[in-house]
Amino acid sequence: MSDDNRGSRFAAVALLSFWLAAAHGGEPSLIQNAASRPGMTLNGKWHVIVDPYENGYYDYRREPFDAATPPRGGYFLDRKPADRSDLVEYDFDTSPTLTVPGDWNSQEERLFYYEGSVWYRRKFDFTPSSPGKRTFVRFGAANYQADVYLNGRKLGRHVGGFTPFEFEITGLVKPADNSLVVKVDNARHPDAVPTVNTDWWNYGGLTRDVAIVETPAAFIRDYQVQLEKGSARRIAARVQLDGVNAPVKVTLSVAGVNVSAMSDAAGVATFSLAAPKLALWSPENPKLYGVSISAGDDHVDDRVGFRNIAVRGTDILLNGRSIFLRGISLHEENPLRGGRAYSEEDARMLLGWAKELGCNFVRLAHYPHNEHMARVADEMGLMLWEEVPVYWTIQWENPATLANARTQLTELITRDRNRASVIVWSVANETPVSEPRTRFLKQLVDTARALDDTRLVSAAMEVHADPANPNHRIVDDPFGAYTDLLSFNQYVGWYDGLPDKLAQITWSFGYQKPVVISEFGADALQGFHGDRLTRFSEEYQEDLYLKTIAMLERIPQWRGTTPWILADFRSPRRPLPNVQDGWNRKGLIGENGTKKKAFYVLKDFYDRKASQ
Ligand code: GCB
């Protein structure tokens, strides 16, 4: 077969798999560890057209341009006038630019509150390193919906603002002058995940890295390498090949051991190997091992930590030892920039602050954060809680909403299941108890366990009042039957009375499980001082932390907490002038990076816990 034929065969395969996925709503399939692959970054300046009326997508009868073959218009054609009489009413070349990765809100003042469509265009040249290679374009994330076109042709659509996606462009990519166009739409929708109502900024755009990824014709698409469930001395691995139609020898090298296995009819090779001398990963010793996988012409390297996480009764066991989760919640935002965090440097700053606080655990709220976070956490020795944006009240009875949530959860787990730092998959935050909601969440738990039965599953649940006793709080959510942890958010002293009330509160739990308080907190404007009863003062927040910790210490099954929150973050729900100014002020660190008094209260407590 000539290389040209090969190219078009791959193009046909790529298009076919796109149609199959579209037709069957197929499971997302991502290239594991794509950032380590050869290719080319597409980060940098992209030309943009702001399109609030979706003029570049729909014709004047509101039919999508990309539904017609060939399309008669649409910005994705990236057209230039053919001659001086030709009418073209847009021009990417002379349009302004935005930097990718990056949200548009913090880059351009007139887009600060914008919710709608922006067209991004990037030109690039790309020649495969040798004939027969396959080429993909990969997006770390685009919030919320992305329609992607290469050289005027639609590659597909991705829905969900915080997980990666990719399209095969083998045979479609040209050596020079490719036009990659993405329509990113961050409009909020009632049936979406999250829905229209959140307490965070709806940053839009190509918020994470974009890259061209190159692989051999047959390649290692996915793998999972970790300790066998319940074992400290055996490694289990599964490698998924792509593009093979006969058994292929797959070799795995880890911790000085090389093993080989043949792939089966589905292109899967499985391994189980003894690793008696393994140093287990922990916050005190975040040991990572080089892992190499080879199959045919393909080879991939990773760094993986090995550890066990389990629950026994009311204890959380890391490598068989009971631990206390000294945590903090954080949003994927760099407060100093007032925009989405996306880089390794951002991850080092945010997680570095968590380390300074004495943490061994971080809750990445309320949606999947960028991949750097889990990799840096692996290195720094921070355990992670990762979460999907099933937040407050979404459409529990809508099958499309459930499918959307499952896809986001699947993409997150597929991306991060080789990270030792990740110990909890969380499927929801503060969702109201009802039959349909519990059924919905149970399906997410099933999805998580089917993809990965080695980590804990949880959700941030709510507390219920006792009508017979105003100071008695009950956690008996029926969904608690399905989770490994009993996690809940509670705001006694802020939304519920004043901090003095904390001394009166008693607790009852419907389950004998480890209790992890996923949120508590109070707003404080950094630098604003008053007495401990003055709202928004650092002293109020400090007092609330002291009293909340004292209350929590009375709970025998208390095994950890992730207070709300590491740093102030932007929220359109927080308008109070001169105090909030569009920021949720519950951070222990202000928007300028300065630590508030409560930071040191929590740090003292964590230092004490660490030395026990
Ligand atoms: C919560 C939510 C969180 C909010 C926080 C607050 O319970 O889970 O997203 O930002 O309270 O500050 O009210």
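Order of appearance sets the numbers: ligands from 1, and atoms from 1 within every ligand. For the single chain, residues carry numbers from 1 onward in sequence order.
Centroid-to-centroid, the aromatic rings of Tyr540 and Trp494 come within less than 6.0 Å. Taking the six-membered ring for Trp, His372 and Tyr342 have ring centres at least 6.0 Å apart.
Aromatic ring pairs are classed by plane angle as parallel below 30°, tilted from 30° to 60° and perpendicular above 60°; the pair Phe569 and His331 is tilted. In this pair, Phe324 and Trp558 present their aromatic rings perpendicular. The plane angle is above 60°, beyond the 30 to 60° band.
Every protein residue with a heavy atom nearer than 4.0 Å to ligand 1 is included here: Asp199, His366, Tyr391, Asn429, Glu430, Asn489, Tyr491, Tyr495, Glu519, Trp564, Phe569, Arg574, Asn584, Lys586.
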Using salt bridge (charged side-chain N to carboxylate O under 4.0 Å, His left out), reason through Glu379 and Arg375 one step at a time and then give a plain yes or no.
CA-CA 6 Å; Glu379 240 181 63; Arg375 287 202 175 261; over 6 Å; no
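Among residues at least two apart or in separate chains, ring pair (Phe, Tyr, Trp, His ring centres under 6.0 Å) pairs with a member in residues 374-399 are Trp200-Tyr391, His366-Tyr391, Trp396-Phe440.
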